[in-house]
Amino acid sequence: MQNNDSENKSGFSRFLDSIPAVLSSTASIMIFLFLFVYLFIFGLLGFIPGLKFLEPSNTTQLILGNYTNVLSALGAAIAAGVGSSVHKHVREHRKQTADLQTTVDRLEKKIDQLSKQVDETK
């Protein structure tokens, strides 16, 4: 029973780990930019009397989200990508540090062995 719980947690963890990549994907950012342009820019153009037809209807604005939500989603997508990138580099740096420490430990062990051999030959 414990094994299944740990497998579910790892699957759930993998799902959670994939969210920043999805949020920061090009498709996601393009959708948010489109919504921003459609809702905000066309909304501003609607103030010009000759371009009133470009203004999104209230229902459209309600369905697609308001300006604040669209901009916060865009910001979250960009931040998720940056955060994911930073965490990836930190993991790589920790792995490189661990590998370097292992190499240093092996080198010190080898130096100690060579030192003992030199002492024995004297």
Side-chain angles (χ1 to χ4, degrees):
M1 206 50 148
Q2 288 283 355
N3 196 11
N4 284 339
D5 289 342
S6 65
E7 287 176 7
N8 289 339
K9 286 182 182 179
S10 67
F12 186 68
S13 294
R14 280 183 277 156
F15 170 72
L16 290 178
D17 290 342
S18 69
I19 290 175
V22 171
L23 279 177
S24 63
S25 69
T26 303
S28 179
I29 291 175
M30 293 305 292
I31 289 169
F32 296 137
L33 284 173
F34 167 76
L35 286 173
F36 172 73
V37 168
Y38 182 74
L39 293 174
F40 188 74
I41 304 298
F42 284 152
L44 287 177
L45 289 175
F47 285 123
I48 301 170
L51 300 175
K52 190 75 171 164
F53 68 94
L54 291 176
E55 181 180 23
S57 69
N58 290 338
T59 305
T60 302
Q61 291 183 30
L62 181 63
I63 291 171
L64 295 178
N66 62 28
Y67 313 113
T68 305
N69 288 341
V70 170
L71 288 178
S72 65
L74 178 61
I78 293 169
V82 170
S84 177
S85 174
V86 167
H87 288 295
K88 178 182 174 187
H89 290 300
V90 167
R91 280 193 302 269
E92 289 174 3
H93 184 264
R94 286 183 180 161
K95 184 182 181 305
Q96 289 173 347
T97 302
D99 291 344
L100 182 60
Q101 186 62 49
T102 302
T103 304
V104 168
D105 291 343
R106 285 189 359 233
L107 182 60
E108 287 176 348
K109 186 176 179 181
K110 192 69 141 177
I111 289 171
D112 289 342
Q113 288 174 353
L114 290 173
S115 177
K116 286 180 185 178
Q117 286 177 356
V118 168
D119 287 343
E120 289 174 0
T121 57
K122 285 186 180 182

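Keep in mind the model is a prediction, meaning the values are calculated, not measured.
The existence of a salt bridge linking K95 and D99 is confirmed by a sub-4.0 Å separation between a basic side-chain nitrogen and an acidic carboxylate oxygen.
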Exercise for the section: Evaluate side-chain contact (heavy atoms from CB on, under 4.5 Å) for Q117 paired with T121, printing each intermediate quantity in order. Expected result: CA-CA 6 Å; Q117 286 177 356; T121 57; 5.6 Å; no
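Distance check, rounded to the nearest 0.5 Å: CG of L114 to NZ of K110 gives 6.5 Å. Residue L107 holds its CG atom at 12.5 Å from OG1 of T102, rounded to the nearest 0.5 Å. A distance of 11.5 Å separates OG1 in T103 from CD in Q96, rounded to the nearest 0.5 Å. Remark: Q101 CD to E108 CD distance equals 7.5 Å, nearest 0.5 Å.
Within the 3.5 Å criterion, the main-chain N or O of I111 finds no donor-acceptor partner in the side chain of S115.
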